[in-house]
Q: 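Got a structure for you, questions after.
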Amino acid sequence: MKGKVQMDIKNFAKMIDGKEYGYPMFSKKELQIAKDNGFVIVSGASDDLMEFEGTIQDEQGCYDGGMIYFDRQGAFGSDGYATNRIEALWCDDKESKDDSGNIITWTYKTDIPHETFMVYEDGEPYCRGIVFSIADLKE
C-alpha cells in the first residue's frame, strides 16, 4: 500500500462493520489504516478473549466477561493499575442485544469515546466491537 490512508474513526468503523468471525478477521490493509490513524480495534475471540488490534496489539482473558485495564502499551487484565478500562459483557441479556432482539455474544462498555461495528458468526450476531483513538486514552 502506497502512502498513509487518512480516515476518520466513524468511517473506519463503517469499513470494518459486518465482518465474519474468524482468523484473520481484519485485512492487512485495514490494520495498517488503523495504525496510520492511531485507532485501536477491540473485539471478542472464542469464549474468553478480548483482542486489541491496530495501534495496540494485545489480548487478555475475560472468560464470562469482566474488566480489562490497559494503557497505550497494552492490556493488563484485572490488575487495575492502568487508568483506561473496558468491560467485556458475555451474552448479557439486558444490554447486549441487536435491533432484532438477538443476544450478541460479546459487547463492551467503556467511557473512552468510540464507534462500534458488528461481527457475525454464521450470520448470527457474535460481537459488537469498538474502535477508538489512542489519542483519547488517559496516560
Side-chain angles (χ1 to χ4, degrees):
M1 184 168 71
K2 294 182 179 181
K4 293 182 178 184
V5 175
Q6 296 300 312
M7 186 175 290
D8 67 44
I9 200 162
K10 185 177 284 285
N11 285 325
F12 182 74
K14 286 180 186 176
M15 184 176 86
I16 61 173
D17 187 53
K19 291 284 186 183
E20 182 70 17
Y21 175 69
Y23 290 98
M25 193 158 24
F26 305 102
S27 71
K28 289 180 182 180
K29 178 182 178 181
E30 291 164 338
L31 293 174
Q32 190 61 53
I33 291 170
K35 290 175 188 176
D36 289 347
N37 289 277
F39 300 154
V40 180
I41 306 165
V42 176
S43 61
S46 186
D47 65 351
D48 63 346
L49 289 176
M50 182 187 298
E51 294 195 342
F52 293 75
E53 297 188 75
T55 303
I56 296 175
Q57 188 72 30
D58 207 342
E59 65 180 30
Q60 283 294 315
C62 55
Y63 180 77
D64 206 28
M67 195 72 70
I68 301 296
Y69 296 84
F70 62 99
D71 63 18
R72 293 175 185 199
Q73 281 69 53
F76 300 103
S78 61
D79 70 7
Y81 291 105
T83 56
N84 304 286
R85 65 182 186 189
I86 298 174
E87 181 180 6
L89 304 173
W90 170 259
C91 296
D92 185 292
D93 63 355
K94 292 184 176 95
E95 297 194 40
S96 301
K97 293 184 180 179
D98 68 7
D99 293 339
S100 300
N102 299 308
I103 294 176
I104 303 168
T105 305
W106 284 114
T107 57
Y108 304 98
K109 289 172 65 173
T110 184
D111 62 356
I112 301 165
H114 64 276
E115 295 293 329
T116 62
F117 63 94
M118 283 297 298
V119 175
Y120 297 91
E121 184 174 36
D122 299 324
E124 298 295 321
Y126 177 73
C127 174
R128 183 184 301 127
I130 64 173
V131 60
F132 61 85
S133 173
I134 198 159
D136 288 331
L137 295 182
K138 301 170 189 164
E139 289 299 321

Q: What is the minimum heavy-atom distance between Y126 and A45, and which atoms define it?
A: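 For Y126 versus A45, the nearest heavy atoms are OH-C, 3.5 Å.
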Q: Got a sec: does the CZ of R72 have more than 12 other heavy atoms crowding it under 6.0 Å?
A: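 Enclosed.
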Q: With side-chain contact (heavy atoms from CB on, under 4.5 Å) as the test, pick out the partner of I56 among D71, L137, V42.
A: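 The side-chain contact (heavy atoms from CB on, under 4.5 Å) with I56 is passed solely by L137 among D71, L137, V42.
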Q: What distance do E30 atom CD and K35 atom NZ have between them, rounded to the nearest 0.5 Å?
A: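 Between atom CD of E30 and atom NZ of K35 there are 12.5 Å.
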Q: Does the Y21 side chain pair with the main chain of S46, one donor and one acceptor, at a distance under 3.5 Å?
A: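 At least one qualifying donor-acceptor pair exists.
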Q: Got a second to check how far K10's NZ is from E115's CD, nearest 0.5 Å?
A: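 Result: 4.0 Å between the selected atoms.
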Q: Please report the interatomic distance CE(M67) to OG1(T110), rounded to the nearest 0.5 Å.
A: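 Going from the CE atom of M67 to the OG1 atom of T110 covers 8.5 Å.
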Q: For a side chain to side chain donor-acceptor pair (under 3.5 Å) with S96, tell me which candidate from T105, N102, T107 qualifies.
A: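 Per the side chain to side chain donor-acceptor pair (under 3.5 Å) rule, the option paired with S96 is T107, out of T105, N102, T107.
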Q: With a 6.0 Å cut-off on ring centres, are F39 and F12 close enough?
A: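 Judged by ring-centre distance (under 6.0 Å), F39 and F12 do meet the cut-off.
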Q: Quick check for you: to the nearest 0.5 Å, what is the distance between K138 atom NZ and I112 atom CD1?
A: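 So the gap between those two atoms works out to 7.5 Å.
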Q: Can you tell me how far apart CG (N11) and CD (Q6) are? Round to the nearest 0.5 Å.
A: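 Taking CG in N11 and CD in Q6, the distance rounds to 12.5 Å.
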Q: Heavy atoms only: give me the nearest M118-D17 pair and the separation to one decimal.
A: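 Between these two residues, the closest heavy atoms are N-OD1, 2.6 Å.
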Q: Hey, is the main chain of V5 close enough, under 3.5 Å, to the side chain of N37 for a donor-acceptor pair?
A: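 Side chain of N37 to backbone of V5: a pair is present.
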Q: Indicate the atoms forming the closest heavy-atom contact of G44 with Y108, along with that distance.
A: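 Heavy-atom minimum between the residues: N-OH, 2.8 Å.
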Q: Check A34 against T55 and note the closest heavy-atom contact, atom names and distance.
A: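 The answer is O-OG1, 3.6 Å.
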Q: At their closest point, which heavy atom of D93 faces which heavy atom of K97, and how far apart are they?
A: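 That would be O-CE, 2.8 Å.
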Q: Applying ring-ring contact (aromatic ring centres under 6.0 Å, His included), run through F52 and F70 and close with a yes or a no.
A: CA-CA 10 Å; F52 293 75; F70 62 99; 5.1 Å; yes
Q: Nearest 0.5 Å, what's the OG-CG distance between S133 and D8?
A: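 Answer for the OG-CG pair, S133 versus D8, is 11.5 Å.
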Q: Looking only at heavy atoms, which two atoms of D122 and E20 are closest? And how far apart?
A: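 Between these two residues, the closest heavy atoms are N-OE2, 2.6 Å.
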Q: Sub-3.5 Å donor-acceptor pair from the side chain of T116 to the main-chain atoms of R128, do we have one?
A: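 Checked: no pair found.
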Q: Side-chain heavy atoms under 4.5 angstrom apart, residues restricted to Ile, Leu, Val, Met, Phe, Trp, Tyr: same cluster for I41 and L89?
A: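 No, no single cluster joins them.
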Q: Any side-chain to backbone donor/acceptor pair from E95 onto D92? Under 3.5 Å, distance only.
A: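 Pair absent, no side-chain N/O of E95 close to backbone of D92.
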